[in-house]
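In this text, all values refer to a predicted model and were calculated from it rather than measured experimentally. Heads up: numbering here begins at 1 and tracks the sequence.
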Amino acid sequence: EVDEAAAMAGGKGKKKKWSKGKVREKVANKVLFEEELYERLKNEVPKMKLITPSALVERLKIGGSLARAAIKELEQEEMIKRLSYHSSQWVYTRATAVEG
């Protein structure tokens with residue numbers, strides 16, 4: 001009798017509804033530099049204290065690979081200085097005029 005009661009009670013609860021999950025907003029970051037955006041890069045980035053690929057992505061609304069390429073170029077032109085280099089996170093700062 002106990003087993004029958006347990007079996008009967010099994011299917012009476014409400015069925016769990018699965019949520020659709022959170023929907024993230026799609027960001028349309030640029031994948032190539034336009035003239036105006038390139039000028040902004042050359043003017044703004046060397047003045048930033050902390051320069052990382054993710055900082056450039058946020059600030060200039062460009063893609064990650066474009067941000068990494070831009071950082072490499074600015075470093076070659078000695079407009080920025082490397083602080084730390086790791087495969088997953090690059091950290092740079094502005095190049096100071098007089099090295100202490």
| message | With a sphere of 6.0 Å drawn around NZ of Lys61, does it hold more than 12 non-hydrogen atoms of other residues, nucleotides or ligands? | response | yes

| message | Measuring only between side-chain heavy atoms, which start at C-beta, is Leu37 closer than 4.5 Å to Lys30? | response | yes

| task | Check whether more than 12 heavy atoms from other residues, nucleotides or ligands sit under 6.0 Å from atom NZ of Lys16, and answer yes or no. | result | yes

Which side-chain N or O atoms in residues 47-60 pair as donor and acceptor under 3.5 Å with protein atoms at least two apart or in another chain?
from  : atom 1 : to    : atom 2 : distance (Å)
Thr52 : OG1    : Ser54 : OG     : 3.2
Thr52 : OG1    : Ala55 : N      : 3.1

| request: Start with the C-alpha gap between Glu39 and Phe33, add the side-chain angles, then the distance that decides, and say whether side-chain contact (heavy atoms from CB on, under 4.5 Å) holds. | output: CA-CA 9 Å; Glu39 287 304 312; Phe33 276 119; over 6 Å; no

| field | Verify same cluster id: Met79, Leu83 (apolar side-chain graph, 4.5 Å) | value | no

| said: Applying side-chain contact (heavy atoms from CB on, under 4.5 Å) to Ile62 and Asn29, what does each step give before you reach the verdict? | reply: CA-CA 5 Å; Ile62 58 177; Asn29 287 339; 5.5 Å; no

| What is the minimum heavy-atom distance between Glu75 and Tyr92, and which atoms define it? | OE1-OH, 3.2 Å

| said: Atom CD of residue position Glu36 - does it have more than 12 heavy atoms of other residues, nucleotides or ligands inside 6.0 Å? | reply: no

| query | For Arg94, what residues pass the salt bridge (charged side-chain N to carboxylate O under 4.0 Å, His left out) criterion, not counting sequence neighbours? | reply | none

| task | Go through the structure and list residues passing salt bridge (charged side-chain N to carboxylate O under 4.0 Å, His left out) with Lys42, not counting sequence neighbours. | result | Glu73, Glu77

| said: Is there a side-chain contact between Ile71 and Trp90 in this structure, where contact means two heavy atoms from C-beta onward sitting under 4.5 Å apart? | reply: yes

| Non-hydrogen side-chain atoms of Ile80 and Thr93 separated by less than 4.5 Å | no

